[in-house]
Participant: 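One structure follows; several queries about it will come next.
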Protein chains: 2
Amino acid sequence: MKPANIRDVARRAEVSVASVSRVLNGAGPVTDATRKKVMEAVEALQYVPHSGARSLSTSRSHTVGVILPDLYGEFFSELIRGVDLAARERGYHLIVSSSHDEAEAAAAAVRSMRGRVDGLILMSPHAEVGQATAAVTGGLPVVRLNDGAAGADGPSIVVDNRGGSVAAVEHLISLGRTRIAHVAGPTDNLEAEARLSGYLEAMAGAGLDARVIEGDFDMASGRRAGLDLARGDGVDAVFAGNDMMALGVMLALQDAGLRCPEDVAVVGFDDVPLASLVRPALTTLRIDIAEIGRSALTRLLAQIDGQPDAGRQIVRPELVIRGSTSGPDAKTRAANERTPVAHHSAQGDHQDV
Amino acid sequence: MKPANIRDVARRAEVSVASVSRVLNGAGPVTDATRKKVMEAVEALQYVPHSGARSLSTSRSHTVGVILPDLYGEFFSELIRGVDLAARERGYHLIVSSSHDEAEAAAAAVRSMRGRVDGLILMSPHAEVGQATAAVTGGLPVVRLNDGAAGADGPSIVVDNRGGSVAAVEHLISLGRTRIAHVAGPTDNLEAEARLSGYLEAMAGAGLDARVIEGDFDMASGRRAGLDLARGDGVDAVFAGNDMMALGVMLALQDAGLRCPEDVAVVGFDDVPLASLVRPALTTLRIDIAEIGRSALTRLLAQIDGQPDAGRQIVRPELVIRGSTSGPDAKTRAANERTPVAHHSAQGDHQDV
DNA sequence: GTGTGTCATGTAACCGTTTACACATTCGGC
DNA sequence: GCCGAATGTGTAAACGGTTACATGACACAC
């Protein structure tokens with residue numbers, strides 16, 4: 001049995017299709033009597049408007065696309081979560097597509113979404129991806145995330161990675177650390193690059209020697225870096241390009257018999273949920289990832305509605321000091337604990353130390 | 001400037017719209033000359049077919065919906081990843097909607113997707129959600145995940161949670177542990193319930209006393225449970241309802257000065273990526289989450305194509321023995337290491353101990 | 001009683017595809 | 001030279017909504 005269409009509803013309610021449409025969209029004048037008849041018919045027939053037909057005549061799909069380089073790990077799920085929450089509030093749907101590390105794949109994803117979405121949220125940490133996608137969006141509203149493409153002055157949200165790194169290094173210096181190493185992210189990643197350059201800048205500014213180890217943004221590479229450092233001539237602090245690598249470093253140090261923070265202080269970047277749960281809890285630069293997602297969606301919808309956009313928006317990470325850089329001083333740290341977003345229900349009484 | 005439509009392309013290529021359509025869909029006979037002219041026009045006009053119009057005339061949207069209780073944490077991102085990868089291979093798009101813990105929200109999500117998708121992947125660990133959504137799918141192809149709803153004999157994939165729990169307990173018993181506690185997941189979650197009942201069954205079967213502590217499936221609740229246990233009369237093993245709680249337990253034990261596995265062995269469930277990266281690496285029941293996602297999508301598409309479905313498919317978790325239950329015996333464990341799916345590029349030489 | 005304005009409703013054109021069917025062309029077989 | 005068959009192409013009717021415009025009913029003022 002084919003699903004009911006608007007004409008079936010109109011026939012059953014003994015009104016015209018126009019009235020049905022008006023009732024369903026809350027637009028135009030209708031008497032209460034008509035409204036009631038229509039609603040009954042809709043209910044009886046289990047009628048759901050065909051979104052394709054609707055988008056055909058209104059040229060609006062009430063759907064936005066989210067294109068990400070990957071879906072792996074806490075960062076992306078947190079981001080989608082923020083976008084999804086905001087989208088549901090506004091009655092929008094989300095088409096996601098991930099694993100677009102390469103320029104070509106990302107461009108294909110953009111193309112395949114044309115005509116299917118009203119706008120795009122596009123994350124492209126690689127420079128070429130940013131350029132390749134810019135060529136094919138063709139007038140579609142877009143909000144870009146963490147995209148460092150030169151000359152990109154369109155709507156975007158970028159994290160002040162460089163500034164965050166400077167804050168991290170300055171914090172370590174203020175604790176009296178001087179032999180500070182950096183575990184960098186992948187070299188083709190613009191965010192990793194910005195964090196590295198902030199580190200180099202701050203070290204140079206303080207007259208200290210820089211020491212950089214390459215990593216991949218994953219925990220395993222952090223662990224390798226940590227083993228390297230533990231084996232070497234001795235550093236008294238490590239600033240890692242993200243939290244997962246910082247955690248890897250901490251585990252490696254622990255394996256090597258070094259104490260954190262006494263022997264080596266560790267700082268991460270992102271403040272993923274895990275960061276406040278490990279011991280010692282990780283000092284890091286907090287980015288409210290879900291909030292970035294929400295903000296991206298809100299700005300995208302504003303753009304779709306034809307409002308002028310604010311252009312580039314900069315998010316400044318906040319230094320959250322926890323056990324991995326400070327001694328056990330429960331009072332100051334308690335104030336910095338992240339409220340955990342619990343899987344099912346958040347009970348507030350978890351004890352972080 | 002409005003985007004080009006099929007008539008614009010036809011005019012420019014000096015052919016009819018039917019020929020354009022045939023070229024674009026690869027259906028029906030066309031000469032090479034026609035194909036070439038059409039392709040040139042498509043290229044020149046940057047033509048992209050309007051998916052709404054297409055879905056209107058074919059009543060296919062080439063889109064499937066994914067409805068999840070939540071998006072938080074590694075489990076869900078891994079699942080979506082599997083679904084997304086399979087969908088892209090087959091040319092399908094994905095509409096995701098999360099945070100449907102409650103029956104009503106889930107039912108609303110299903111309704112809002114009717115007419116917009118060709119089928120649904122529906123995860124509903126709560127019994128009422130399963131029932132509420134069953135009422136509104138109305139003939140739409142559906143694959144259900146981890147849904148324990150009574151009488152549900154439609155297409156679904158369920159994890160043998162009970163069997164996994166039995167294997168975990170038996171493993172601990174084989175190591176000589178007898179005072180084995182269980183940290184359970186939320187009571188309204190069907191998976192948590194099945195894991196609990198497997199534990200109880202295995203303990204009873206071995207003539208051992210059961211000890212159950214309530215948790216939430218998140219790390220903070222595992223930590224609380226671990227503190228409780230460390231403070232108490234002494235257990236020699238803990239089987240947690242999922243990996244995140246197991247990790248929380250391990251951290252708490254560590255804080256309390258207990259050694260793992262020497263004093264207390266710990267077993268988790270799921271094998272999230274993190275499980276093999278912590279120290280000691282966590283013994284757990286591996287579920288290939290991404291593979292479940294892929295399989296769900298494949299079966300959904302088969303169903304959409306009108307093929308008969310296999311009904312309920314059961315996934316048996318595999319016991320992966322790591323450091324949290326066995327002494328340092330590198331050889332046997334090395335074989336069980338999970339290949340890490342790296343954030344950006346997996347380099348194989350990470351050293352797990 | 002006629003003219004005018006308001007308001008609810010109906011009619012039909014249009015949105016951009018696919019595709020059944022009709023048509024035109026070419027070719028081979030006789 | 002005529003008759004199918006085969007092949008490529010075009011025409012037009014769906015598909016299921018939205019909405020500009022027309023229509024009809026009714027109230028009110030003159």
Participant: What is the nucleic acid contact for V15(A), judged by heavy atoms within less than 4.0 Å: base, sugar-phosphate only, or nothing?
Facilitator: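 Sugar-phosphate only.
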
Participant: Would you mind reading off the distance between L24(A) atom CG and dG17(D) atom P, rounded to a whole angstrom?
Facilitator: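 It works out to 9 Å between those atoms.
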
Participant: Could you tell me the separation between the CZ atom of R116(A) and the C1' atom of dT17(C), rounded to a whole number of Å?
Facilitator: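 In whole Å, dT17(C) C1' lies 13 Å from R116(A) CZ.
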
Participant: Rounded to the nearest angstrom, tell me the gap between atom CZ in R11(A) and atom P in dT9(C).
Facilitator: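 In whole Å, dT9(C) P lies 19 Å from R11(A) CZ.
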
Participant: Is a donor-acceptor contact shorter than 3.5 angstrom present between the side chain of R22(A) and the base of dG10(C)?
Facilitator: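 Result: at least one qualifying N/O pair found.
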
Participant: What is the distance, to the nearest angstrom, from the CD1 atom on I6(B) to the P atom on dA12(D)?
Facilitator: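 Value for this atom pair: 16 Å.
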
Participant: Among dG16(C), dA8(C), dG17(D), which nucleotide sits nearest the side chain of P29(A)?
Facilitator: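 In terms of side-chain proximity for P29(A), the closest of dG16(C), dA8(C), dG17(D) is dA8(C).
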
Participant: Between dG10(C), dC15(D), dT19(D), which nucleotide gets closest to the side-chain atoms of S16(A)?
Facilitator: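 For the S16(A) side chain, the nearest candidate turns out to be dG10(C).
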
Participant: Could you check V30(A) against R7(A) and say which one's nearest nucleotide on DNA chain C is further toward the 5' end?
Facilitator: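 Result of the comparison: V30(A).
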
Participant: Y47(A) has an atom OH; how far is it from atom C1' of dG17(D), in whole Å?
Facilitator: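 Taking atom C1' of dG17(D) as the reference, OH of Y47(A) is at 7 Å.
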
Participant: From the set dT18(D), dT19(C), dG16(D), return the single nucleotide nearest to any side-chain atom of V17(A).
Facilitator: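 Closest nucleotide to the V17(A) side chain: dT18(D).
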
Participant: Salt bridge check: are K36(A) and D32(A) linked by an N-O gap of less than 4.0 Å?
Facilitator: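 Not counted as a salt bridge, because no side-chain N and carboxylate O are separated by less than 4.0 Å.
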
Participant: Strictly below 4.0 Å: does T31(A) bring a side-chain N or O up to OP1 or OP2 of dC7(C)?
Facilitator: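 For dC7(C), neither OP1 nor OP2 has a side-chain N or O of T31(A) closer than 4.0 Å.
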
Participant: Can you tell me how far P of dT9(D) sits from CG of D32(B), to the nearest Å?
Facilitator: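 To the nearest whole Å, that distance equals 10 Å.
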
Participant: When you get a sec, tell me which of dG17(D), dT9(D), dT19(C) is the closest nucleotide to the side chain of T34(B)?
Facilitator: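 Among dG17(D), dT9(D), dT19(C), the one nearest the side chain of T34(B) is dT9(D).
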
Participant: Please tell me which of the listed nucleotides, dT9(C), dT18(C), dT11(C), lies nearest to the side chain of S19(A)?
Facilitator: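 Minimum distance to the S19(A) side chain belongs to dT9(C).
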
Participant: Ignoring backbone atoms, establish whether N5(B) has a side-chain N or O less than 4.0 Å from OP1 or OP2 of dT17(C).
Facilitator: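 No, no such contact exists.
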
Participant: Taking only residues two or more places apart in sequence, or in another chain, which ones meet S61(B) in a side chain to side chain donor-acceptor pair (under 3.5 Å)?
Facilitator: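 D118(B).
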
Participant: Is any side-chain N or O of S57(B) under 3.5 Å from a base N or O of dT17(C), one able to act as donor and the other as acceptor?
Facilitator: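 By the distance-only test, yes, there is a pair.
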
Participant: So, E78(B) and R81(B), do they make that salt bridge, N to O below 4.0 Å?
Facilitator: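 Judged by the 4.0 Å cut-off on N to carboxylate O distance, E78(B) and R81(B) do form a salt bridge.
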
Participant: With side chain to side chain contact (heavy atoms under 4.5 Å, CB included) as the test, would you mind laying out the steps for S97(B) and R88(A) before giving the verdict?
Facilitator: CA-CA 8 Å; S97(B) 189; R88(A) 228 192 15 273; 4.1 Å; yes

Participant: In whole angstrom, what separates H50(A)'s NE2 from dG16(C)'s C1'?
Facilitator: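 In whole Å, dG16(C) C1' lies 13 Å from H50(A) NE2.
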
Participant: Is the phosphate of dG17(D), meaning OP1 or OP2, less than 4.0 Å from a side-chain N or O of S21(A)?
Facilitator: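 Checking S21(A) against dG17(D): no side-chain N or O falls below 4.0 Å of OP1 or OP2.
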
Participant: Nearest whole Å is fine: how far is dA20(D) P from N25(A) CG?
Facilitator: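 Going from CG in N25(A) over to P in dA20(D) covers 13 Å.
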
Participant: Check whether any side-chain N or O of D8(B) sits under 3.5 Å from a backbone N or O of N5(B) as a donor-acceptor pair, and report yes or no.
Facilitator: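 Confirmed, D8(B) side chain pairs with N5(B) backbone.
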
Participant: In terms of side-chain heavy atoms of T58(B), which of dT19(C), dT11(D), dT18(D) is nearest?
Facilitator: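 My answer, after comparing the listed nucleotides, is dT19(C).
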
Participant: What's the closest nucleotide to the R54(A) side chain, out of dT9(C), dT17(C), dG17(D)?
Facilitator: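 Within the option list, the nearest is dG17(D).
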
Participant: Between the side chains of R294(A) and E89(A), is the shortest nitrogen-to-carboxylate-oxygen separation below 4.0 Å, so that they form an ion pair?
Facilitator: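 Salt bridge flag = yes for R294(A) with E89(A).
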
